[in-house]
A.B. asks: 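Have a look at the structure that comes next, please.
Here is how names work: the chains are called A, B, and so on, in the same order as the sequence lines, proteins then strands, and each is numbered from 1.
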Amino acid sequence: MNFYKQVYKIVKTIPAGKVMTYGQIAGLISTPRAARTVGFALRASINYQDIPWHRVINSRGLISIINPQITKKIQAQLLNKEGVQIKIIGNNYYIDLKKYLYQP
DNA sequence: AAGGTGACTAACA
DNA sequence: ATGTTAGCCACCT
């Protein structure tokens, strides 16, 4: 099975109002160190609309997206729309992992 | 086949 | 407490 598919499969299981981290997803695929590759997979996945890529953030609960088309602001709005509280700290968007992290 | 790159992390200064 | 540095794994050229 493709690494990408694994990532997509897991991301799809994240319920609305919850989030997961890159490292966590990598861990579920049993390659805990491949967090970067998870991000890579997600960047490509934005083209497929059925993947809630916006529910994936970094280990500190910050949005680390670097996409000119899909900005942090957009992601923050999407999450907020699903009921996730976003704390805006400077130019960063912070999410309370203790509250919103999804763990199967 | 080999090296460069990145939506990450954890460890250090 | 912020800012850097160095590993990591899969993908692309």
A.B. asks: Side-chain contact test, heavy atoms from C-beta onward, threshold under 4.5 Å: evaluate it for A:Pro52 versus A:Val11 and give yes or no.
C.D. replies: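 In contact.
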A.B. asks: Using chain A heavy atoms and a threshold of under 4.0 Å, write down where along DNA chain B the contacts begin and end, 5' to 3'.
C.D. replies: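 So the contact region on DNA chain B extends B:dG6 to B:dA10.
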A.B. asks: Contact class for A:Asn58 (heavy atom, under 4.0 Å): base, sugar-phosphate, or nothing?
C.D. replies: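 A:Asn58: backbone/sugar contact only, no base atoms under 4.0 Å.
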A.B. asks: Just wondering, do A:Ile46 and A:Asn67 contact through their side chains at under 4.5 Å, heavy atoms?
C.D. replies: yes
A.B. asks: Please list every donor-acceptor pair under 3.5 Å in which a side-chain atom of residues 26-43 of chain A meets a protein atom from a residue at least two apart or in another chain.
C.D. replies:
none

A.B. asks: Could you say whether A:Arg36 or A:Phe40 is positioned toward the 5' end of DNA chain C, judged by the nucleotide with the nearest heavy atom to each?
C.D. replies: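 Checking each residue's closest nucleotide, the 5'-ward one belongs to A:Arg36.
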A.B. asks: Check every nucleotide of DNA chain C for an atom under 4.0 Å from a heavy-atom of chain A, then give the first and the last such nucleotide from 5' to 3'.
C.D. replies: C:dG7 to C:dC11
A.B. asks: Is there a side-chain contact between A:Val56 and A:Ile14 (heavy atoms, below 4.5 Å)?
C.D. replies: yes
A.B. asks: With a 4.5 Å heavy-atom cut-off, do A:Tyr4 and A:Ser45 have their side chains touching?
C.D. replies: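 They are not in side-chain contact.
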A.B. asks: Using the rule given for side-chain contact (heavy atoms from CB on, under 4.5 Å), can you reason through A:Tyr8 versus A:Tyr48, listing the C-alpha separation, both sets of side-chain angles and the distance that settles it, and then say yes or no?
C.D. replies: CA-CA 10 Å; A:Tyr8 301 154; A:Tyr48 311 93; 4.3 Å; yes
A.B. asks: So, do A:Gln75 and A:Ile57 sit near enough that their side-chain heavy atoms are less than 4.5 Å apart?
C.D. replies: yes
A.B. asks: Please, what dot-bracket string fits DNA chain C when only Watson-Crick and G-U pairs with both distances under 3.5 Å count, crossing ones use [ ] and pairs to another strand use |?
C.D. replies: .||||||.|||||
A.B. asks: Indicate yes or no: at least one non-hydrogen side-chain atom of A:Ile70 is less than 4.5 angstrom from one of A:Ile65.
C.D. replies: yes
A.B. asks: Please output the side-chain donor-acceptor pairs of residues 85-104 of chain A that fall under 3.5 Å, not counting sequence neighbours, one pair per line with the distance.
C.D. replies:
unit_1: A:Asp96; atom_1: OD1; unit_2: A:Lys98; atom_2: N; d: 3.2
unit_1: A:Tyr100; atom_1: OH; unit_2: A:Gln85; atom_2: N; d: 3.3

A.B. asks: With heavy atoms under 4.0 Å as the rule, sort A:Tyr22 into base, sugar-phosphate or nothing.
C.D. replies: base
A.B. asks: Please list all pairs passing the salt bridge (Lys or Arg N to Asp or Glu O under 4.0 Å) test where one or both residues lie in residues 46-58 of chain A, with sequence neighbours left out.
C.D. replies: A:Lys12-A:Asp50, A:Arg55-A:Glu82
A.B. asks: Looking for any heavy atom pair under 4.0 Å, which part of the strands does A:Ile46 touch: base, sugar-phosphate only, or nothing?
C.D. replies: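 The residue A:Ile46 makes base contact.
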A.B. asks: Heavy-atom nearest nucleotide on DNA chain B for A:Arg60 versus A:Ile70: which residue maps closer to 5'?
C.D. replies: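 Looking at the nearest nucleotide for each, A:Ile70 comes out on the 5' side.
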A.B. asks: Would a 4.5 Å heavy-atom cut-off, applied to side chains only, mark A:Leu79 and A:Val19 as touching?
C.D. replies: yes
